[in-house]
Amino acid sequence: MVGRRSDTRERIQQVALELFAEHGYEKTSLREIAERLAVTKAALYYHFKTKEDIVHSLVENLVDGLDELLAWAKEQPRSQGTTEEVLRRFSALVNDEHGPEMQFIQQNIPTLKKFGVMHPLGAKVRELFQLISAEGGDPATELRARLALVALVLGINPMFGGPGAAPPPEVALQVALELVAPRG
């Protein structure tokens, strides 16, 4: 029974993200989400009382993914290889595992700030910045490391990919890896 409840929550999140993308967060109602799911509003309320609850759950899922990445990275030796692997894993996280959530977040930053969900997300990204910055590195090297993460985040945003499309994820990853490559 727990598996079914989890599957239902995930389906609600998926449909909500689709509707938020189609109509915008503000113009999407819980009724529309329930209708798209072909369930009653009461069934939807069992899982989420408000649209804001859905948004919180989406951000929590992303934060959980970042926590897993951070835990892994903290166990690794600080090295060029680890930095590159962190960037690869972060790219997979924001593109494959949580791409729709990341796009929603980027398109709705003002709304999400009102909900207070940006702080935990920002805190996790700051931890990642620290982990990939070279210890005792010069300011330029540290900035390039931070820009590498930014490249991965911006790389999924269609606004930065030309007419209506984001660059392929592998392009953003290539740029990120070039940014952290040792300078000769």
Working to the nearest 0.5 angstrom, can you tell me the gap between Leu179 CG and Arg144 CZ? 8.0 Å
Minimum side-chain heavy-atom gap Ile105-Val117 below 4.5 Å: no
For the residue pair Gln174 / Glu178, report whether a side-chain donor-acceptor contact shorter than 3.5 Å exists. yes
Leu87 versus Ile132, closest heavy-atom pair with distance: CD2-CD1, 4.1 Å
Scan for salt bridge (charged side-chain N to carboxylate O under 4.0 Å, His left out) pairs involving residues 117-133, sequence neighbours excluded, and state none if there are none. Asp67-Lys124, Lys74-Glu127, Lys124-Glu127
Rounded to the nearest 0.5 Å, what's the gap from CZ on Arg183 to CG on Asp138? Could you check? 10.0 Å
Distance check, rounded to the nearest 0.5 Å: Ser57 atom OG versus Gln13 atom CD? 3.5 Å
Hey, quick one: are Leu93 and Leu58 part of the same hydrophobic cluster, counting side-chain heavy atoms closer than 4.5 Å, chains of contacts allowed? yes
Decide whether Val63 and Leu112 are clustered together by the hydrophobic rule: side chain heavy atoms of Ile, Leu, Val, Met, Phe, Trp, Tyr closer than 4.5 Å, transitively. yes
Mind checking the CD-CG spacing from Gln130 to Leu128? Nearest 0.5 Å is all I need. 10.0 Å
Provide the full list of salt bridge (charged side-chain N to carboxylate O under 4.0 Å, His left out) pairs with a residue in residues 47-57, sequence neighbours left out, each pair given once. none
Name all pairs fulfilling the salt bridge (charged side-chain N to carboxylate O under 4.0 Å, His left out) condition that reach into residues 89-107, sequence neighbours left out, sorted by first residue then second. Glu85-Arg89
Can you get from Leu147 to Val94 by hopping between Ile, Leu, Val, Met, Phe, Trp and Tyr side chains that sit under 4.5 Å apart? no
Residues in side-chain contact (heavy atoms from CB on, under 4.5 Å) with Ala71, at least two apart? none
For a quick test of reading the model, state the closest non-hydrogen atom pair linking Ala145 to Val180 and the distance between them. CA-CG1, 3.8 Å
My understanding is that only residues two or more places apart in sequence, or in another chain, count here; which of them pass side chain to side chain donor-acceptor pair (under 3.5 Å) with Asn95? Ser91
Just by distance, do the side chain of Gln106 and the backbone of Val153 share a donor-acceptor pair under 3.5 Å? yes
Are the side chains of His119 and Lys113 in contact, using a 4.5 Å heavy-atom criterion? no
Answer with yes or no whether the hydrophobic clustering places Leu177 together with Val175; edges join I, L, V, M, F, W, Y residues whose side-chain heavy atoms lie under 4.5 Å apart. no
Scan for ring-ring contact (aromatic ring centres under 6.0 Å, His included) pairs involving residues 15-40, sequence neighbours excluded, and state none if there are none. Phe20-Tyr25, Phe20-Phe104, Tyr25-Phe115
Taking side-chain contact (heavy atoms from CB on, under 4.5 Å) as the test, write out the residues that go with Glu60, two or more places apart. His56
Under the side chain to side chain donor-acceptor pair (under 3.5 Å) rule, collect the residues that match up with Glu84, sequence neighbours excluded. Gln80
Would you indicate whether the side-chain heavy atoms of Ile54 and Leu30 approach each other to under 4.5 Å? yes
Can you name the side-chain contact (heavy atoms from CB on, under 4.5 Å) partners of Val171, sequence neighbours left out? Pro167, Pro168
Flag the pair Val59 / Met118 as yes when at least one side-chain heavy-atom distance between them is below 4.5 Å, and no otherwise. no
Residues Ala172 and Ala151: closest non-hydrogen pair is CB-O, 3.8 Å
Hey, could you give me the CG/CG distance between Leu66 and Asn61, rounded to the nearest 0.5 Å? 11.0 Å
Results of side chain to side chain donor-acceptor pair (under 3.5 Å) for Thr28 - residues two or more places apart only: none
Applying side chain to side chain donor-acceptor pair (under 3.5 Å), name anything that partners Thr82, two or more places apart in sequence or on another chain. Ser79
Under a 4.5 Å side-chain heavy-atom rule over Ile, Leu, Val, Met, Phe, Trp and Tyr, are Leu154 and Phe90 clustered together? yes
Would you indicate whether the side-chain heavy atoms of Thr83 and Leu131 approach each other to under 4.5 Å? no
Would you check if Val86 and Trp72 make a side-chain contact, meaning some heavy-atom pair closer than 4.5 Å? yes
Taking every heavy atom of Ala16 against every heavy atom of Ile33, the minimum-distance pair comes out as CB-CD1, 3.9 Å
All pairs passing salt bridge (charged side-chain N to carboxylate O under 4.0 Å, His left out) where residues 17-36 contributes a residue, at least two apart: Glu18-Arg36, Glu22-Arg36, Arg31-Glu35
